[in-house]
Each structure stands twice: as structure tokens, then as C-alpha cells.
Amino acid sequence: MLRQASRARVGGRSLFSTGSAMDKKESDEKLETMRHSAAHVMAEAVQAMFPEAKFGIGPTIEDGFYYDFDLPRTLTPEDLPAIEARMKESVKADTAFTHELVGKEEARRIFAHQPYKLELIDELPEEMVTVYRQGNFTDMCRGPHVKSTGEIKAFKLMSIAGAYWRGNEKNPMLQRVYGVAFNNQKEVDEYLARVEEAKKRDHRKIGKDLDLFVFSDLVGKGLPLFTEKGSVIRRELERFVVDEEIKRGYKHVYTPDLANIDLYKTSGHYPYYKDSMYPVMKVDEEELMLRPMACPHHFQYYASKPRSYRELPFRIAELAKQFRYEKSGELTGLMRVRTFCLADSHIICQKEQATGELNAVMDLIEYVAGVLGYKPGENFRYRLSLGDRKEDKKYYKDDEAWDIAENVLRQVLIQRKANFFEAEREAAFYGPKIDIQMKNFAGKEDTAFTVQYDFVMPKRFKLTYIDKDGKEKEPIVIHRSSIGAIERTMAFLIEHYAGAFPVWLSPVQAMIIPISDQHLDYAHKLEADLKENDIRVQVDDRNERMNQKIRDAQLQKIPYMLVVGDKEAENGTVSVRLRTGEQVQGLPFAEFKGKITKLIRERASGLAL
RNA sequence: GCCCACAUAGCUCAGUCGGUAGAGCACGUUCUUGGUAAGAACGGGGUCAUCAGUUCGAAUCUGAUUGUGGGCUCCA
């Protein structure tokens with residue numbers, strides 16, 4: 001369990017926990033010890049049910065623990081209550097955890113029938129290993145553990161899943177049982193309630209409820225269709241980011257969604273990623289493929305003629321459709337799809353310009369994140385994704401260039417006082433990157449935006465510029481995305497706002513609700529006026545009561561409901577009900593129009609008129 | 001791709017022991033013209049994911065396929 005356990009534990013750490021107080025840290029450690037012991041107790045229960053069980057590892061993770069088993073039959077969800085019941089007996093019996101330090105030879109004897117444990121023993125650098133026992137269960141484990149099983153307060157087994165031994169898909173698949181554990185039953189209940197809340201925010205559910213996107217088996221999996229409403233959000237995001245980038249000196253272009261395979265062979269992408277590229281299409285003598293990335297296209301634009309140092313930084317940007325053959329099991333709603341549109345850019349610049357450009361990119365990203373309502377530390381954090389000098393198969397071999405590039409990125413983060421952490425072996429093959437990691441409501445972290453320092457592609461594509469001194473020099477490239485993949489960003493946004501978007505993103509910004517059909521004329525007059533002013537408005541002219549119409553508009557999370565009856569038609573006013581429940585009676589229509597227009601133009605996050 | 005589970009009306013779901021389907025919401029029509037979260041009546045709507053098999057008979061049992069979910073792996 002040793003090393004794997006500790007790695008898994010770090011990986012499973014609460015992402016944005018900020019608590020640094022000593023007592024909190026201590027109670028965290030206590031809780032973690034208890035969770036780890038719960039994993040052992042679960043293993044004991046499984047061993048009692050399946051004496052021939054082979055054990056993998058059983059570390060703690062955020063909120064709980066898991067243990068991997070190799071069993072004579074597959075577990076089903078119905079097995080969980082039985083395992084849980086045995087665990088509870090064990091807790092009730094309050095048996096002591098004991099441990100001893102033994103030599104490797106002795107350990108091999110103890111675990112003679114446990115092939116996975118033997119494998120771990122063989123790889124341990126230490127000569128002595130710790131062996132923990134409770135009841136009839138013995139495990140190799142660094143510890144620590146609770147004194148006795150009675151200290152395990154409250155837990156619940158959550159799910160069964162397959163997991164490859166040591167995370168390698170070439171290894172056998174073990175059965176993993178996940179559980180959560182807390183200090184008391186109340187905390188377990190609260191955890192379960194949080195899980196339920198998260199489900200309500202799931203972008204797949206809200207996407208269906210609010211009719212934002214759909215999938216079709218005939219079109220294919222991982223290929224979303226944006227509905228009229230979803231397309232409004234997408235269009236607003238695209239307009240926003242294109243306009244903003246043009247303001248900031250980007251050259252916005254269109255390049256083809258497919259290209260000759262030689263392009264990706266030249267870039268070096270092909271051998272690294274051919275498994276996730278779509279197969280080649282033969283057309284006459286050409287071999288074409290859907291592009292899995294846009295970088296090489298942009299480089300060909302740059303390379304179309306000689307470039308002077310005066311043209312640098314050369315910032316090429318595109319809303320670039322890309323196609324990746326993600327494995328079927330990896331697809332998830334809009335989070336992970338097989339075709340997506342990346343707000344992509346490649347900044348070709350001199351090495352000395354890198355820091356300045358990186359800062360400008362970070363400014364842009366932070367601006368965009370701010371407009372979307374994301375707060376640093378709360379909704380996202382930075383990850384400095386590093387290479388591995390020893391892995392020259394996975395990463396381009398040039399130790400010095402890696403050192404320089406990683407340091408440039410690190411310095412940018414430090415100077416900006418950014419809240420970041422470093423992650424080994426998360427770099428691209430052509431260089432390190434800064435990833436903006438978003439946490440969704442299910443607690444999973446995903447890359448939203450990325451900034452990469454690339455010292456490889458200029459060589460591959462022989463990108464050059466003529467410097468002041470008339471000599472040809474090699475630039476570097478910054479790959480970056482300002483708003484990420486539109487699909488994924490929409491998924492994050494839907495969950496972030498739980499479907500209650502700011503006005504500028506709302507598919508329908510105002511719903512006009514006539515009190516009776518005598519007020520339809522006035523309602524349609526207002527509708528025409530607002531539409532003329534580019535406000536997305538509808539009249540609910542169904543034969544329903546006003547209450548019903550308000551309820552429906554409310555469920556659709558439409559920001560403003562304009563209730564109009566005799567009073568309003570007479571005075572040229574509207575009675576506004578906000579999505580928040582707040583009401584503004586008798587507001588002159590012109591005033592409403594002015595205020596909503598302003599909120600939209602400013603991309604305001606609030607609704608207050 | 002791998003492990004496990006799931007798939008019934010547009011949506012959320014029920015359907016007992018194998019005897020060819022039901023509710024609520026949504027939709028349509030009519031009545032109702034109602035002042036801030038569900039007015040009423042009636043009606044239309046399903047090859048029970050698909051294809052095979054077992055059976056006198058399959059939504060129900062078996063297998064395969066497709067899709068979805070939770071994990072694993074992967075994520076340029």
C-alpha cells in the first residue's frame with residue numbers, strides 16, 4: 001500500500017482547502033487515519049466473504065477511501081449492504097489495530113498468497129516493512145491507523161467500479177469499492193445531501209431541462225447538437241471572446257478543419273497521438289484527416305512568407321473546430337466530446353518577448369474568467385504542468401530548453417502572485433504549460449484554459465524571423481486558449497450558474513406575460529420594440545393563467561418577467577418580476593429597456609434594475 | 001477501450017408470477033380572462049433502445065449490438 005497509497009492520497013486531497021489552522025490540520029489527519037482504517041475494515045469484511053480474495057491497495061481519497069480486490073466473482077451493488085453490515089460488526093467488536101516491523105523475507109511469507117502484495121514488497125526500497133493487523137485481516141501498510149476499529153465513526157459504501165491494477169490498462173482489472181467516512185452520521189448525511197445537490201447542477205441534466213443541447217445516436221456519441229437556446233449561449237461566448245481578442249491585438253483567422261496527414265507528421269503530433277486521431281481519408285493521391293489540433297495550420301499561415309522581427313509577436317487566433325477520437329468510455333456530456341471548438345491561439349514571438357506575452361495572456365484569461373463569474377482560488381486554480389527529463393519518449397529531448405521554459409512560466413506565476421501548484425509529467429510533448437483547473441460541482445477537476453510554452457514546433461516547421469541584424473532567428477510559440485473549448489466552457493458555466501445565466505448569456509432575456517389576452521396587443525408592441533433593440537424577448541401568449549406563465553418562466557430561469565395588464569398598458573409601464581423573486585411595479589417601459597440594455601452591454605453578473 | 005449497472009410516451013417514472021402497457025408533467029381542443037411559482041374538462045401520443053433466441057405467448061427470461069451512467073485508462 002505504501003507508495004501508491006501516499007500518491008493516491010495526495011491526488012485525492014481536497015482541491016481548494018484553504019484551512020491552515022493547526023487544529024484543523026490535526027483533525028484532518030485524524031479523519032484521514034480513520035478513513036484509512038475503514039479501508040482495512042472493509043478489506044476484512046471482503047476477506048470474510050471471499051476467503052480466496054486477493055488484495056490490491058486501499059488508500060484514502062477525498063471524503064473517503066477505496067480498496068481494490070481480485071475476487072472469484074464480480075460484486076454487484078446488492079453486495080454492498082452485506083459488506084457494510086460486516087464492517088459494522090467489526091466496528092462494534094472494537095478490535096485493536098496492531099503493527100510490527102518485519103523483514104522483507106518475513107513479509108513475503110506472510111503474504112505468500114497475495115501476488116499483488118508480493119509485487120509491492122519486491123519494489124520497496126526499504127529493508128523492513130510495517131504490517132498491520134486487525135481481527136483476521138493482515139495488511140502491509142505504512143499506517144498510521146486508529147487504535148481500534150471502534151474509532152471508526154460513520155461510513156457508507158458508495159459504489160463498485162473496475163480499476164486496473166496500479167492504474168495500468170495492461171494489468172488485470174480489479175474490483176474497487178468506494179466508501180466515504182466522516183466523524184459522525186450527520187456529516188455522512190450532509191455529504192450525501194451535497195452529492196444530491198451536485199446532481200441537480202449537472203450540466204447534462206440542466207442541458208436537458210433548459211433545452212440547451214441534445215445527442216442523437218444516429219449522429220454519433222460525443223457529438224453534441226446545440227439547440228436554438230444553447231446556440232445563443234455559444235454565440236454570445238464566441239462573439240465576446242473574438243471581439244476581446246481582436247481588441248488585444250490578435251489576428252483572427254479561419255483555417256480548414258482538415259488537412260493532409262503530412263502536416264501532422266511534420267509537427268510531430270502524429271506518432272504521439274495517432275490513436276486519438278480520426279483515420280485517414282484517401283482522396284485521389286492525398287491522405288487527409290480531420291484536424292485534432294490547429295497549431296500546424298497556424299504555423300503554415302506564419303510560414304507563408306518571410307517575417308520580420310517587426311511583425312512579432314505574431315498572434316494568430318481562431319475559433320478552431322477540432323476532432324479527437326476519444327475512447328468511448330471517456331465521453332461525458334459537453335465536458336468531453338469528440339468534436340469541439342477551441343478558442344485557440346498561437347503567439348509566435350522572440351524568446352525575450354515570452355514573459356511579456358505570457359503576462360498579457362494571463363491578463364486576458366483572468367479577464368475572461370472574471371466576466372464568466374469565476375473567482376480564482378474558489379472556482380479555479382493554476383497548475384504548472386511540468387515535463388520529465390527522464391522520459392524522452394513522452395517529452396521532446398532538450399533538457400536545457402525544458403529548464404528555461406519551465407522557469408519562465410514559474411516566474412510569471414510567482415510575479416503575478418498566482419495561487420498555483422506544480423504537477424510533474426503533465427506537460428505537452430513540446431513544452432510545459434500553465435493549466436487553469438476548474439472544479440465542477442461533482443468535485444472533479446478539469447482543465448478549462450491552458451497556456452503552453454513551445455520550443456519544439458518552430459524547429460519542426462522551420463519557423464524563423466529576420467532580426468534587426470539581418471540574421472534569421474528562431475522564435476518560440478505560446479499556445480493558449482482564452483476561453484477554452486466552447487463545449488467544455490458551456491458545461492462549466494451551466495454548472496456554475498445552475499442554469500441561471502447572467503442576462504447577456506440568457507437564451508431568453510425577458511418573457512412578457514400578458515395578464516389576459518386583452519393585453520396581447522400591448523405585449524406584442526413591447527416585444528417588437530425590445531427585439532428592435534437586440535433584446536431576446538418572447539410573449540407568453542398561451543391560453544394559461546398568469547400564475548402558470550410565471551411558474552414556467554421561473555423554471556426556465558428567465559431573468560426578467562414583464563407582467564402587463566390594464567395598468568401597464570394605460571401608463572406605458574411594465575411590472576417586472578426578477579428571477580430572484582424581487583418585483584419592480586410600474587416601471588416605465590423606456591426605463592426598463594435602458595437598464596436591461598446597459599446590463600447586457602456590460603455583461604453584468606447581477607440582475608438588479 | 002476495460003469493469004459494473006442501466007435503457008418503458010417529449011420529460012420524470014410505475015408496471016406483481018411471462019398473458020402484447022399506465023401515471024404526472026409537457027402537447028392539442030374547449031371552457032375559463034385570471035395581478036406575481038401549477039384553473040378545469042376532454043383528447044392525441046409508445047414496434048417497451050435494436051436484433052436474435054427460449055416459449056402457445058416476452059416490456060418481463062437468455063445472448064449479441066447500440067446508447068447512457070459510475071469508475072479505470074486517456075485527455076495535444
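Naming: A, B, ... by sequence-line order, numbering from 1 per chain.
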Item to check | Lys/Arg N to Asp/Glu carboxylate O, A/Arg551 vs A/Glu544, below 4.0 Å | outcome: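 No, no charged N to carboxylate O under 4.0 Å.
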Checklist entry - Among pairs that include at least one residue of residues 261-278 of chain A, which meet salt bridge (Lys or Arg N to Asp or Glu O under 4.0 Å), considering only residues two or more places apart or in two chains? => result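 Counting only pairs at least two positions apart or across chains, no salt bridge (Lys or Arg N to Asp or Glu O under 4.0 Å) contact touches residues 261-278 of chain A.
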Item to check | Contact list for residues 481-492 of chain A, test salt bridge (Lys or Arg N to Asp or Glu O under 4.0 Å), sequence neighbours left out | outcome: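 For residues 481-492 of chain A: A/Arg234-A/Glu487, A/Asp446-A/Arg488.
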Checklist entry - Starting at NZ of A/Lys549 and ending at C1' of B/G39, how long is that distance when rounded to a whole Å? => result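 After rounding, the gap between these two atoms is 13 Å.
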Checklist entry - Rounding to a whole Å, what distance do you find between A/Leu218:CG and B/U65:P? => result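 About 19 Å, once rounded to whole Å.
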Checklist entry - Do any of residues 572-581 of chain A sit with a heavy atom less than 4.0 Å from RNA chain B, and if so which? => result A/Ser575, A/Arg577
Item to check | Sequence neighbours excluded, every pair satisfying side-chain hydrogen bond (donor to acceptor under 3.5 Å, both in side chains) that has a member inside residues 212-224 of chain A | outcome: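 Pairs touching residues 212-224 of chain A that pass the test: none.
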Who pairs with [X] by side chain to side chain donor-acceptor pair (under 3.5 Å), at least two apart in sequence or on another chain?
X        : result
A/Glu357 : A/Arg315
A/Arg338 : none
A/Gln548 : A/Asp552
A/Asp566 : A/His519

Checklist outcome for this item: With B for base contact, S for sugar-phosphate-only contact and - for none (protein heavy atoms under 4.0 Å), nucleotides 27-32 of chain B reads S---BB
Checklist entry - With the sugar-phosphate defined as primed atoms, P, OP1 and OP2, and the base as all remaining atoms, what B/S/- string results for nucleotides 7-17 of chain B, 5' to 3', for protein heavy atoms under 4.0 Å? => result ----SS-----
Checklist entry - Of A/Lys394 and A/Arg551, whose nearest nucleotide on RNA chain B comes first from the 5' end? => result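 Nearest nucleotide further toward 5': that of A/Arg551.
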Checklist entry - So what does the secondary structure string of RNA chain B come out as, 5' to 3', with Watson-Crick or wobble pairs under 3.5 angstrom, [ ] for crossing and | for pairs with another strand? => result (((((((..((((.....[..)))).(((((.......))))).....(((((..]....))))))))))))....
Checklist entry - What distance, rounded to whole Å, do you find between the two P atoms, one in B/G22 and one in B/U66? => result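 Taking atom P in both B/G22 and B/U66, they lie 33 Å apart.
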Checklist entry - What is the nucleic acid contact for A/Glu426, judged by heavy atoms within less than 4.0 Å: base, sugar-phosphate only, or nothing? => result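 The answer is nothing, as A/Glu426 stays clear of every strand by at least 4.0 Å.
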Checklist entry - Within the structure shown, what part of the strands sits under 4.0 Å from A/Ala161 by heavy-atom distance: base, sugar-phosphate, or nothing? => result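 Since a base atom lies under 4.0 Å of A/Ala161, the category is base.
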Checklist entry - Quick one: side-chain contact (heavy atoms from CB on, under 4.5 Å) partners of A/Lys394, sequence neighbours excluded? => result A/Glu391, A/Arg425
